[in-house]
Amino acid sequence: MKEILKRGMMSFAISAFCGLIINLLIDVIVNLNGVKGFVSMSAQYVALFPTTAMAAYVNILIYGMIGFVFAAMTFIYDVERLGFLFQSIIYFIVTESLSVAVTIFLWQLHHYPSAFIGTLMGYAVSHIIIFISAYRTLRKDVKEINEIYIEG
């Protein structure tokens, strides 16, 4: 449990910092190109807070929470009684649920159905690609272990 929390907290810090840097770069570049007062958050999201700064702080906190959940949920792959497919399904459900919540709250994409569906499909396709890649690696590792066992 201690290792899971440590992994989650490290990912929280990295995700929050990277989110801050990316938003800062976007804001600076767009503002330097003549769009004064631009902030890289939807107007509907910013309107939920008393100030733009508060919206930005919560935005960074949410980036950190995403990193925490994605990293902490990898513990599911350490549960040996569960098969790889079942582990991946659980990981997908939890992380997809967080992604949907963030998409709705942070980006206000529920106001834009095609963008909302596109975002969800993009995440699903990404997860399928990751699953196939991890499954191939797992199969290769098992094959190598079996060859060593048979030779030994």
Side-chain angles (χ1 to χ4, degrees), residues 1-139 141:
M1 182 62 136
K2 183 178 178 183
E3 186 61 34
I4 293 168
L5 290 176
K6 181 179 172 184
R7 186 183 316 154
M9 292 308 293
M10 180 63 73
S11 188
F12 178 94
I14 292 168
S15 297
F17 180 74
C18 288
L20 170 69
I21 296 300
I22 289 169
N23 280 10
L24 179 64
L25 287 173
I26 291 169
D27 291 352
V28 167
I29 290 169
V30 172
N31 277 282
L32 286 175
N33 284 304
V35 182
K36 299 298 177 201
F38 175 84
V39 292
S40 53
M41 296 175 288
S42 72
Q44 295 97 334
Y45 170 75
V46 174
L48 298 172
F49 299 92
T51 65
T52 303
M54 181 66 77
Y57 296 142
V58 173
N59 192 15
I60 293 165
L61 180 66
I62 290 171
Y63 288 149
M65 288 176 15
I66 291 168
F68 180 88
V69 170
F70 275 61
M73 276 307 298
T74 60
F75 85 89
I76 198 70
Y77 293 104
D78 295 334
V79 180
E80 294 177 14
R81 292 178 289 170
L82 300 175
F84 181 67
L85 178 61
F86 191 63
Q87 291 169 333
S88 295
I89 290 169
I90 292 170
Y91 184 83
F92 175 78
I93 289 170
V94 172
T95 58
E96 178 71 5
S97 297
L98 176 67
S99 297
V100 169
V102 167
T103 300
I104 289 170
F105 179 66
L106 193 63
W107 299 334
Q108 299 288 305
L109 282 185
H110 58 288
H111 295 292
Y112 312 99
S114 59
F116 180 71
I117 291 168
T119 300
L120 296 179
M121 288 175 52
Y123 180 75
V125 168
S126 298
H127 192 77
I128 289 168
I129 292 168
I130 292 167
F131 173 82
I132 291 169
S133 174
Y135 181 73
R136 286 182 172 176
T137 302
L138 182 63
R139 277 187 42 190
D141 290 348

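Computed from heavy atoms alone, side chains included, the values below leave out hydrogens, waters and symmetry copies.
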Output yes when a side-chain donor or acceptor of [X] lies under 3.5 Å from a complementary backbone atom of [Y], and no otherwise.
X      : Y      : result
Ser11  : Arg7   : no
Tyr63  : Ile14  : no
Thr137 : Ser133 : yes
Gln87  : Val79  : yes

Rounded to the nearest 0.5 Å, how far does [atom2] of [Y] lie from [atom1] of [X]?
X      : Y      : atom1 : atom2 : answer
His111 : Ile104 : NE2   : CD1   : 10.0 Å
Glu3   : Phe75  : CD    : CZ    : 14.0 Å
Phe49  : Met41  : CZ    : CE    : 8.5 Å
Ile93  : Leu98  : CD1   : CG    : 14.0 Å
Ile21  : Ile60  : CD1   : CD1   : 9.0 Å

Worked check of side chain to side chain contact (heavy atoms under 4.5 Å, CB included) between Leu5 and Phe68: CA-CA 8 Å; Leu5 290 176; Phe68 180 88; 4.0 Å; yes
I'd like to know whether [atom1] of [X] has more than 12 heavy-atom contacts from other residues, nucleotides or ligands below 6.0 angstrom.
X     : atom1 : result
Phe38 : CZ    : yes
Phe84 : CZ    : yes
Tyr77 : OH    : yes

Flag the pair [X] / [Y] as yes when at least one side-chain heavy-atom distance between them is below 4.5 Å, and no otherwise.
X      : Y      : answer
Leu85  : Phe131 : yes
Leu20  : Tyr57  : no
Leu120 : Phe116 : yes

Stepwise side chain to side chain contact (heavy atoms under 4.5 Å, CB included) test for Met65 and Val102: CA-CA 10 Å; Met65 288 176 15; Val102 167; over 6 Å; no
Mind telling me whether Phe92 and Tyr123 have parallel, tilted or perpendicular rings, with 30° and 60° as the class edges?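 Parallel.
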Closest approach of [X] to [Y] (non-hydrogen atoms, all atoms of both residues):
X     : Y     : result
Ile29 : Asn33 : O-ND2, 2.8 Å
Ile90 : Met73 : CG2-CE, 4.2 Å
Ser15 : Gly64 : CB-CA, 4.1 Å
Asp27 : Ser40 : OD1-N, 2.8 Å

Verify the distance criterion only: is there a donor paired with an acceptor across the side chains of Asn59 and Tyr45 at less than 3.5 Å?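 No, no side-chain donor-acceptor contact under 3.5 Å.
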